Peer 1: 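Would you mind keeping the following structure in view while I ask a few things?
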2 protein chains.
Amino acid sequence: MNLSALRGHNAALALDLLRAAGRDGISRLELAERTGLTPQAVSKITARLRAAGLVSEAGHRASTGGKPRTVLRLAPSAGCAVGVRLDRDALTAVLLDLAGERVRVREAPLDPGGEPPAVLARVADEVGLLLRGERPPGLLGAGVAMPGPLDHASGVARRVTGFPHWDGFPVRDTLAALLGCPVVLDKDTNAAALGLALSGVAGESDSFAYLHLGTGLGAGLVLGGGLYRGARTGAGEFGHQTVQLDGPECRCGRRGCIEALCLDAVRRGEPERAARILGAGAANLVALLDIGRIVLGGRIVAAAPDVFTARVAEAAGVPVALADGGAHPIAGGAAQLILAPLFGRGDPYSPKIR
Amino acid sequence: MNLSALRGHNAALALDLLRAAGRDGISRLELAERTGLTPQAVSKITARLRAAGLVSEAGHRASTGGKPRTVLRLAPSAGCAVGVRLDRDALTAVLLDLAGERVRVREAPLDPGGEPPAVLARVADEVGLLLRGERPPGLLGAGVAMPGPLDHASGVARRVTGFPHWDGFPVRDTLAALLGCPVVLDKDTNAAALGLALSGVAGESDSFAYLHLGTGLGAGLVLGGGLYRGARTGAGEFGHQTVQLDGPECRCGRRGCIEALCLDAVRRGEPERAARILGAGAANLVALLDIGRIVLGGRIVAAAPDVFTARVAEAAGVPVALADGGAHPIAGGAAQLILAPLFGRGDPYSPKIR
DNA sequence: GCACTATGGCAACAGCGTTGCTTAAGTGGG
DNA sequence: CCCACTTAAGCAACGCTGTTGCCATAGTGC
């Protein structure tokens, strides 16, 4: 790491604390305490951030017997990002400001049966409508969330469930050309987990799993405050975890996959049973990764939130939270794919220079 | 991060590359390429390391039309560490040099039934015998590996399997006082995984799982090149992953735990079946964490290595390696608990300053 | 023997966080 | 109301980081 990387690192550290502080803001001295830097260093860093328009002064704290601390706040309008969720039959697009607040939403039906170029042209049109035809000032890029599996690093779809014929299609580069801005592609569960990590739904714990039970069952893992994607960006394949060695055959070819068992119970109208199966899978996760929390989301969980929350908490032995579907956690998380690197929240486990 | 932390970071980066290069050594320019630093910066860093006696020049590479590159090597004798494995009935102690090479081994029977202070006094005696009564120059500390569960951060044992009455005993601080050097405590599987990560057994992949099948079944996870310990240092509890929802009750109170099923198959003399069960668990790990390799070890694996390797590779779909039991992977890994931080290989997922 | 190539050190430099000091802006006792 | 005291934040000088430009060294190959 060289000096310019050091500067970026510390600026990101400060920005992340400013982001987490939200409307309350944070003082220079608090930043110094939390980063371990000296107050003077923080003054210089925040001066640069203020000069760049990313941070502004916003009032003062009450005095504690001396000069009151000046409150600093992230300037939400200094940047924004688009987030797009592509689902089997619908598209959700959101515009988020730098603070992660939703500025606009747009939902539309989608037919993924078409050829990828046509579908993506459609996506670009919808994003244009979301932006009302003009490029908002400070647009940093667009994040796209799809069901997966796909390759985050290259932005190429693989055998994305519900999107036939997409295997190997360069979604990221195609859409980047259409939109004229940087595009990042990731799995829907990863996007949601990242968004939840940044929104504070995960509470104090900096490691949690987001479990999404909708058309399928998937997971996004946040370990040590950052999204864990694994060696080939395929981590979080939770639906095909074997939890019943001699169970019924799954469409993936293996037996006793948790997704098959869970969805089967749901289909039979036994949410209690589905919740207990999901709880067993969650308990496996908690034991294996020693994570501090589980967050549940998806259509099927939303249909019986109390049952799922109670059974999973019982089995896993950690706090369980619900992702509010109305807040569009996946589309919002997709936009956070663009914003997160500014705050040093890119994935910390990616292969490093050694 | 401040400048002194930056210097430490870059020094660790260089040392880790030197360590990985082993006897072959590495030139300044290669270090520059791999770290992303300029050649001149590397010259300064290696000059400091040479002045500290950690690195020495060792010959030259063949010329490629100009001045031949000078080879740098880690000076193995610049430091050493003790590693101790405490098992149910035996103690293994090793002395490793800075390069991770084994200098000495000592094995002795152990009765963990006694009170912790008496057992640890015994351990300290054995370490004294390993060191032949004198403190070797450059001794950095002692790492201790036990079956777990235990708390790495505080160095306190919890309900360590095979060690009754140890719950809550401050193993690290007690032993540090007896030995007069820093002590680090961790689970046996974590120690082994760390040792394997540093020894190159994991090959190119910087994420893998070490699965140990002996008296029990446990795992150590290396993600992104560093040991993953989780929020409360309890990660890697693999033995009680549920793989058979309605399976037989386990002593942990849950049903269908992989350890119970696996060991039951072994007890019945069906290693093929045990290997297939272990394979299913390994496949779960690979899917969930997208790791690039599985490493197997432990007494039961050693009794039928081909069967376990073949079945696990088949199920998990990634390369499977064997940890050589004769190389004392757990005791050696325990010593690496002390050495690894020098090379920036402390756990990268520990809670960060934000 | 000489031109060429590649490595690595020396010296000057820009930029990072740190230190010592000063100024600003409050509180609270007399 | 004044003034001592406390706390926050900026200015200037500094030490140390990696970087840049230049040069000495040590090989190859015509």
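Just so you know, these numbers come straight off a predicted model, no measurement behind them. Chain letters run A, B, ... following the sequence lines, proteins first, then strands; residues in each count from 1. Note that these values count all heavy atoms, side chains included, but never hydrogens, waters or copies made by symmetry.
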Peer 1: Compare all side-chain heavy atoms of L37(B) with those of I45(B) and state whether any distance is below 4.5 angstrom.
Peer 2: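 SC-SC contact between L37(B) and I45(B) confirmed.
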
Peer 1: Are T64(A) and dG26(C) close enough that a side-chain N or O sits under 4.0 Å from OP1 or OP2?
Peer 2: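 The answer is no; no side-chain N or O of T64(A) sits under 4.0 Å from OP1 or OP2.
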
Peer 1: Looking at H152(B), is its backbone amide N or carbonyl O close enough to the side chain of K187(B) to form a donor-acceptor pair, meaning the two atoms are under 3.5 Å apart?
Peer 2: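 Between the backbone of H152(B) and the side chain of K187(B) there is no qualifying donor-acceptor contact (under 3.5 Å).
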
Peer 1: Is it true that a side-chain atom of S207(B) and a backbone atom of G292(B) form a donor plus acceptor pair closer than 3.5 Å?
Peer 2: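 No, because the side chain of S207(B) does not come within donor-acceptor range (under 3.5 Å) of the backbone of G292(B).
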
Peer 1: Find the distance L13(A):CG to dG17(C):P and express it as a whole number of Å.
Peer 2: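 Rounded to the whole Å, the gap is 11 Å.
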
Peer 1: Donor-acceptor pair, R135(B) side chain versus C181(B) backbone, under 3.5 Å?
Peer 2: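 Between the backbone of C181(B) and the side chain of R135(B) there is no qualifying donor-acceptor contact (under 3.5 Å).
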
Peer 1: By nearest nucleotide on DNA chain D, pick out whichever of M1(A) and R28(A) is the more 5' one.
Peer 2: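 Residue closer to the 5' terminus by nearest nucleotide: R28(A).
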
Peer 1: To the side chain of L3(A), which of dG8(C), dC16(C), dT18(C) is closest?
Peer 2: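 Nucleotide nearest to L3(A)'s side chain: dC16(C).
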
Peer 1: Under 4.0 Å between any heavy atoms, over every strand shown, what does L29(B) touch: base, sugar-phosphate, or nothing? Just pick one.
Peer 2: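 The answer is sugar-phosphate, as L29(B) gets under 4.0 Å only of primed atoms, P, OP1 or OP2.
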
Peer 1: Round to the nearest Å and state the distance from E57(A) atom CD to dA24(C) atom P.
Peer 2: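 Rounded to the whole Å, the gap is 16 Å.
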
Peer 1: Quick one, which residues of residues 39-54 of chain A touch DNA chain C with a heavy atom under 4.0 Å?
Peer 2: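 The stretch gives Q40(A), A41(A), K44(A), I45(A), R48(A) as the residues lying under 4.0 Å from the strand, ordered by number.
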
Peer 1: Considering just the side-chain nitrogens and oxygens of S63(A), establish if one lies under 4.0 Å of OP1 or OP2 belonging to dT27(C).
Peer 2: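 Checking dT27(C) against S63(A), no side-chain N or O comes under 4.0 Å of OP1 or OP2.
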
Peer 1: Nearest-nucleotide wise, let me know which of R7(A) and P68(A) is further upstream toward the 5' end of DNA chain C.
Peer 2: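 So the residue in question is R7(A).
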
Peer 1: Counting just side-chain N and O atoms, does N2(B) come under 4.0 Å of either OP1 or OP2 of dC16(C)?
Peer 2: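 So the side-chain polar atoms of N2(B) never come under 4.0 Å of the phosphate oxygens OP1 or OP2 of dC16(C).
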
Peer 1: Determine whether V82(A) and L179(A) make a side-chain contact, defined as any pair of heavy atoms from C-beta on separated by less than 4.5 Å.
Peer 2: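 Side chain of V82(A) against side chain of L179(A), heavy atoms only: no contact under 4.5 Å found.
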
Peer 1: Whole angstroms only, please: what is the NZ-P distance between K67(A) and dT7(D)?
Peer 2: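 For the pair K67(A) NZ and dT7(D) P, the rounded distance is 14 Å.
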
Peer 1: Consider the side chain of L37(B), meaning its heavy atoms from C-beta on, and name the nucleotide among dT19(D), dT27(C), dA25(C) that approaches it most closely.
Peer 2: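 The answer is dT19(D).
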
Peer 1: Calculate the interatomic distance between L31(B) atom CG and dT7(C) atom P; express it in whole Å.
Peer 2: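 After rounding, the gap between these two atoms is 13 Å.
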
Peer 1: Let me know the distance between CZ of R69(A) and C1' of dA9(D), rounded to the nearest Å.
Peer 2: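 In whole Å, dA9(D) C1' lies 12 Å from R69(A) CZ.
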
Peer 1: Can you list the steps and then say if L3(A) with L6(B) is a side-chain contact (heavy atoms from CB on, under 4.5 Å)?
Peer 2: CA-CA 9 Å; L3(A) 287 175; L6(B) 176 67; 3.9 Å; yes

Peer 1: Hey, which sits more toward the 5' end of DNA chain C by its nearest nucleotide, L6(A) or H60(A)?
Peer 2: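 Comparing both residues, the 5'-ward one is L6(A).
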
Peer 1: Under the side-chain contact (heavy atoms from CB on, under 4.5 Å) test against V222(B), which residue among Y228(B), F208(B), Y210(B) passes?
Peer 2: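 Option passing the side-chain contact (heavy atoms from CB on, under 4.5 Å) with V222(B): F208(B).
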
Peer 1: Heavy atoms under 4.0 Å, any strand shown: does S4(A) hit a base, just sugar-phosphate, or nothing?
Peer 2: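 The residue S4(A) makes no contact with any strand.
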
Peer 1: Contact class for S27(A) vs. all strands (heavy atom < 4.0 Å): base, sugar-phosphate, or nothing?
Peer 2: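 Result for S27(A) = nothing.
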
Peer 1: Ignoring backbone atoms, test whether N10(A) places a side-chain nitrogen or oxygen under 4.0 Å from the OP1 or OP2 oxygen of dC16(C).
Peer 2: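 It does not, given that no N or O in the side chain of N10(A) lies less than 4.0 Å from OP1 or OP2 of dC16(C).
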
